[in-house]
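Just so we're clear, the structure is a prediction, and the values are computed from it rather than from any experiment. What's counted below: heavy atoms across the whole structure, side chains too, no hydrogens, waters or symmetry copies. Letters A, B, ... are given to chains in the order of the sequence lines, protein chains preceding strands, and every chain is numbered from 1.
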2 protein chains.
Amino acid sequence: MVEIYNMAGHLVRRLNQISVAVFADRMAAEGVELTPVQFAALSAIDARPGIAQAALAGAIAYDQTTLGGVIDRLEQKGFVARQVSSRDRRARVLTVTLAGRDLLARVRPVVRDLQGDILSGLDEDEKAQLLALLKKTTDAGNDKSRAPLTPRGGI
Amino acid sequence: MVEIYNMAGHLVRRLNQISVAVFADRMAAEGVELTPVQFAALSAIDARPGIAQAALAGAIAYDQTTLGGVIDRLEQKGFVARQVSSRDRRARVLTVTLAGRDLLARVRPVVRDLQGDILSGLDEDEKAQLLALLKKTTDAGNDKSRAPLTPRGGI
DNA sequence: TCGATATACTAAGCATGCTGATTATTAGCA
DNA sequence: TGCTAATAATCAGCATGCTTAGTATATCGA
């Protein structure tokens with residue numbers, strides 16, 4: 001028995017690995033090229049059109065530098081438009097394009113549905129319990145992360 | 001409210017982010033340069049000296065290609081030795097060096113201790129519950145991962 | 001108003017984590 | 001034995017995720 005098997009860090013990493021793989025498989029089955037980060041960004045921009053990159057990073061708990069690259073790719077695929085803000089010329093203001101909205105409408109139900117597959121082997125009560133515990137501990141540990149959630153940052 | 005906030009995928013990714021950050025902070029405090037993957041590999045090689053890379057990948061649930069790079073870096077830092085296997089010239093047989101054993105002895109208690117910090121905001125019962133649920137669902141979803149755990153694969 | 005400070009973004013560099021292809025070697029089978 | 005398939009590792013290439021540093025722009029206080 002390897003000593004890491006019962007460690008929180010190892011189990012969380014593995015579940016994240018499973019989560020990413022389930023997401024990739026479902027997107028491939030839909031014939032869509034979209035990563036979990038890209039979906040999160042697209043969905044959050046759609047919820048707050050005109051949000052700047054820094055605020056978006058805080059809204060979805062992603063590193064700002066990493067997010068820059070993610071937006072590059074979403075822009076290149078034509079799902080997101082990026083403009084210099086008129087109020088703050090440092091900032092880049094983001095909006096979802098028509099193609100992006102179409103994509104979102106299509107994958108949103110798929111993404112919602114796939115969440116259940118991530119937590120396989122658990123009954124509904126256990127899934128709810130796990131989600132509640134994950135929510136509680138991620139809230140408590142938010143500031144330990146290099147990319148904490150700051151839902152009300154900016155616009 | 002952004003729609004991803006209560007999704008399993010998002011919460012798991014965030015907890016993993018917290019886990020990685022806690023690990024990095026503790027290692028930095030120890031003055032040690034060691035990533036979670038590197039610790040996992042070192043620990044597993046120490047548990048099964050002479051293990052080959054492919055078997056190691058299965059033992060700690062890491063992608064084989066990624067693991068190759070991890071071993072490169074551990075070898076370069078002098079913590080792991082890599083030799084062509086005498087029984088199978090395709091395979092690279094791994095052992096922990098003396099320096100690697102010293103490092104392991106030093107960081108092992110730190111790594112064990114930091115596990116509690118990953119799951120902050122939970123009492124002992126909740127931590128045990130969360131660990132049990134994580135274990136149950138990662139076991140059930142093992143095959144969905146691109147790098148499933150195969151603890152008994154090869155020596 | 002000016003100067004220090006803070007903020008938004010980008011760039012470079014490194015480590016993970018994956019896919020697909022390639023090479024070397026081994027194993028299985030007719 | 002000899003052909004085929006499988007396996008171990010590596011390489012190239014791409015996306016995340018982070019650190020440090022740099023540039024442009026805002027903000028705040030003396």
### Message
Suppose the criterion is side-chain hydrogen bond (donor to acceptor under 3.5 Å, both in side chains): which pairs have a residue in residues 19-32 of chain A, not counting sequence neighbours?
### Response
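Pairs touching residues 19-32 of chain A that pass the test: A:Asp25-B:Arg146, A:Arg26-A:Asp113, A:Arg26-A:Asp117.
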
Nearest-Å distance for atom pair [atom1]/[atom2], residues [X] and [N]:
X	N	atom1	atom2	result
B:Ile18	D:dG17	CD1	C1'	15 Å
B:Phe23	D:dG17	CZ	P	19 Å
B:Leu56	D:dA8	CG	P	13 Å

### Query
Donor-acceptor pair, A:Gln64 side chain versus A:Ala54 backbone, under 3.5 Å?
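No: the side chain of A:Gln64 does not pair with the backbone of A:Ala54.
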
### Task
Kindly indicate, with the supporting measurements, whether the criterion side-chain contact (heavy atoms from CB on, under 4.5 Å) is fulfilled by B:Val111 and A:Met7.
CA-CA 9 Å; B:Val111 172; A:Met7 289 186 179; 3.9 Å; yes

#### Entry: NZ/NE/NH1/NH2 to OD/OE distance under 4.0 Å, B:Lys77 and B:Glu33
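Looking at B:Glu33 together with B:Lys77, the answer is no, because their closest N to O distance does not fall below 4.0 Å.
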
Determine the minimum heavy-atom distance between [X] and [Y], stating which atoms define it.
X	Y	value
B:Ala52	B:Ala91	CB-CB, 4.1 Å
B:Ile71	B:Gln53	CG2-OE1, 4.3 Å
B:Ala147	B:Tyr62	CB-C, 3.5 Å

### Message
Does any part of the side chain of A:Leu149, heavy atoms only, come nearer than 4.5 Å to the side chain of A:Thr138, both counted from C-beta?
### Response
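A:Thr138 does not reach A:Leu149 side chain to side chain.
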
### Nucleic acid footprint by protein, nucleotides 10-18 of chain C - heavy-atom cut-off 4.0 Å, B for base, S for sugar-phosphate alone
SBB--SSBB

Could you run down the sub-3.5 Å N/O contacts of the protein with nucleotides 25-27 of chain C?
{"residue": "C:dT25", "atom": "O2", "partner": "B:Arg90", "partner atom": "NH1", "Å": "3.2"}
{"residue": "C:dT26", "atom": "OP1", "partner": "B:Arg89", "partner atom": "N", "Å": "3.0"}

